[in-house]
Number of protein chains: 2
Amino acid sequence: MMKNHYEKLKGCRASKNRDEVLFVMENQNCPLSVEEIYGKVKAKNSSISLSTVYRIIDKLLNLEIIRKAATLEDNTSLYELTKDSHHHYMICTKCKKMIPIDICPIEELEHKISDSTGFNITGHKFELYGECKNCAQKQDRS
Amino acid sequence: MMKNHYEKLKGCRASKNRDEVLFVMENQNCPLSVEEIYGKVKAKNSSISLSTVYRIIDKLLNLEIIRKAATLEDNTSLYELTKDSHHHYMICTKCKKMIPIDICPIEELEHKISDSTGFNITGHKFELYGECKNCAQKQDRS
DNA sequence: CTATTAATGCAAATGATTTGCATTTGCATA
DNA sequence: TATGCAAATGCAAATCATTTGCATTAATAG
């Protein structure tokens, strides 16, 4: 029975399923879809239902323990722990590999734009799509 | 019967529906969803089916007469004419109003990132979300 | 004018996500 | 420790944007 160390979960009732989801997300180096999390939790043994994963994700989002990290071109959402540093991704449209981009060109822009428009910016989306080196090479052969 | 002036449609068979869709998009100052286009075309008179609009959008995308301009937080896609200049939007999460941003911080970045990673960047997504001045004021009263 | 095939309409399928509802379970408290 | 309530869960059904199968209509090449 793992003990989680999330201050933000203080008010919450204990839940094995939620712990499993968090465990999966802790031990991952890139954002995951709900379906992937579901698969990984089940693979470990635990029976869990897909809708439960969705509800856990929803709760973790509200508690800001996780954030939506990116959206694939097919609109599948990917999530990552908030404690991981903020960054954006380059997403290969072929193999779906995600490469973190260490630059966030947006934060400084937000202020400028916010000031000049009176728009209260609460979030932003920034993703690059393309082909990773691997997939580009594969295609050369065809 | 309007005559369209799209070189790119040369190979295509004439279609009143497609003309209507293009007409709607021409006379619009912000990106539209498929549902909105559908509504506007029908409002004018013409009977058209939603799936036809989807197919027309698909074709216009392929011909690069339109592009996907943004995606709302609920994943609805919005489209605009390619001939309109490339820009991004600030989207009010309350009233859905879209305010174009005249800066695209990404194009110059793309080269840098492309060079350093070997990633062949073909597209990007950049959107700001927040509350517009109007909606922020309304909320103050509550 | 006629054959070919793109364009269309309609209903059903998809796929991610959400929700209703009955059941289980954590946990505070009697 | 027993009891009750609310949160967590499972399952199936509902949603919602988008796609697709299939039969029909219509544009246009020859």
Side-chain angles (χ1 to χ4, degrees), chain A residues 1-4 6 8-24 31-39 41-42 44-63 65-79 91 96, chain B residues 1-4 6 8-23 31-39 41-42 44-63 65-79 91 96 125:
Chain A
M1 191 72 52
M2 76 177 259
K3 172 122 176 43
N4 79 61
Y6 287 97
K8 290 163 176 171
L9 282 174
K10 207 186 290 177
C12 287
R13 196 177 277 188
S15 146
K16 180 167 174 298
N17 282 334
R18 198 182 55 225
D19 289 344
E20 300 275 16
V21 168
L22 280 170
F23 179 79
V24 164
L32 292 170
S33 68
V34 169
E35 202 75 42
E36 285 168 334
I37 294 167
Y38 173 63
V41 170
K42 283 225 305 196
K44 276 205 137 64
N45 69 79
S46 327
S47 82
I48 188 173
S49 85
L50 186 56
S51 57
T52 297
V53 180
Y54 272 105
R55 280 193 261 237
I56 289 170
I57 290 297
D58 187 57
K59 163 146 284 191
L60 295 178
L61 279 173
N62 282 131
L63 294 173
I65 291 172
I66 65 174
R67 73 167 85 87
K68 189 184 283 200
T71 308
L72 300 183
E73 283 186 328
D74 72 350
N75 283 338
T76 304
S77 296
L78 305 180
Y79 303 92
I91 303 168
K96 311 303 175 199
Chain B
M1 189 73 51
M2 76 177 259
K3 170 120 178 42
N4 80 62
Y6 286 97
K8 289 163 178 170
L9 283 174
K10 207 185 293 176
C12 288
R13 200 174 275 191
S15 145
K16 180 166 174 298
N17 282 336
R18 198 183 52 223
D19 290 344
E20 300 276 15
V21 168
L22 280 170
F23 180 79
L32 292 170
S33 68
V34 169
E35 202 75 42
E36 284 167 335
I37 295 167
Y38 173 63
V41 170
K42 285 225 304 196
K44 276 205 138 61
N45 68 80
S46 327
S47 83
I48 189 175
S49 85
L50 186 56
S51 57
T52 296
V53 180
Y54 272 105
R55 280 192 261 235
I56 289 171
I57 290 297
D58 187 56
K59 162 148 285 190
L60 296 178
L61 278 172
N62 283 132
L63 293 172
I65 290 172
I66 65 172
R67 72 167 87 88
K68 188 184 284 200
T71 308
L72 299 183
E73 283 186 325
D74 72 350
N75 284 336
T76 303
S77 296
L78 305 180
Y79 303 92
I91 303 167
K96 311 303 177 198
K125 190 185 283 186

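Only this structure's heavy atoms are used, side chains among them; waters, hydrogens and symmetry mates stay out. First the proteins, then the strands, lettered A, B, ... as listed; each starts at 1.
Regarding contacts with the backbone of C:dT18, every side-chain N or O of A:Tyr54 stays at 4.0 angstrom or more from both OP1 and OP2.
Partners of A:Lys59 according to the salt bridge (Lys or Arg N to Asp or Glu O under 4.0 Å) rule, which considers only residues two or more places apart in sequence or in another chain, do not exist here. Taking the side-chain contact (heavy atoms from CB on, under 4.5 Å) definition, one finds that A:Thr52 meets it with A:Asn17, A:Ile48, A:Ser49, A:Ile56, sequence neighbours left out. Judged as a side-chain hydrogen bond (donor to acceptor under 3.5 Å, both in side chains), and not counting sequence neighbours, the contacts of B:Lys42 are B:Tyr38. With sequence neighbours left out, B:Thr71 forms a side-chain hydrogen bond (donor to acceptor under 3.5 Å, both in side chains) with no residue at all. Under the rule for a side-chain contact (heavy atoms from CB on, under 4.5 Å), the partners of A:Val24 that lie at least two apart in sequence or sit in another chain are A:Leu32, A:Lys40, A:Val41. Take B:Ser33 and apply the side-chain hydrogen bond (donor to acceptor under 3.5 Å, both in side chains) test, not counting sequence neighbours, and it matches B:Glu36.
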Protein-nucleic acid N or O pairs under 3.5 Å, nucleotides 27-30 of chain C:
{"residue": "C:dC27", "atom": "OP1", "partner": "A:Ala14", "partner atom": "N", "Å": "2.9"}

Produce the list of close N/O pairs, under 3.5 Å, pairing protein atoms with atoms of nucleotides 13-15 of chain C; give distances to one decimal.
none

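The bend of the helix from C:dC1-D:dG30 to C:dA30-D:dT1, defined by the angle between the axes of its first five and last five pairs, stands at 20° to the nearest 10°.
For A:Lys8 against A:Ile65, the heavy-atom pair with the smallest separation is CD-CG1, 3.8 Å.
Of the residues in residues 55-62 of chain B, those with a non-hydrogen atom less than 4.0 angstrom from any atom of DNA chain C are B:Arg55, B:Ile56, B:Lys59.
Think of the region where chain B sits on DNA chain D: with heavy atoms and a 4.0 Å cut, that region ends 5' and 3' at D:dA17 to D:dT28.
Put simply, the side chain of A:Cys12 reaches to within 4.5 Å of the side chain of A:Leu63, judged on heavy atoms. Annotation: side chain of A:Glu35 is not in contact with side chain of A:Thr76 (no heavy-atom distance under 4.5 Å).
Rounded to an integer number of Å, the gap from A:Leu50 CG to C:dT17 C1' is 9 Å.
Toward the 5′ end of DNA chain D lies the nearest nucleotide of B:Glu35, the other residue of the pair B:Ser15 and B:Glu35 mapping further downstream.
Contact annotation for B:Ser77: backbone-only contact, meaning every heavy-atom pair under 4.0 Å involves sugar-phosphate atoms and none involves a base.
Residue pairs meeting the salt bridge (Lys or Arg N to Asp or Glu O under 4.0 Å) criterion with at least one partner in residues 67-78 of chain B, sequence neighbours excluded, are B:Arg67-B:Glu80.
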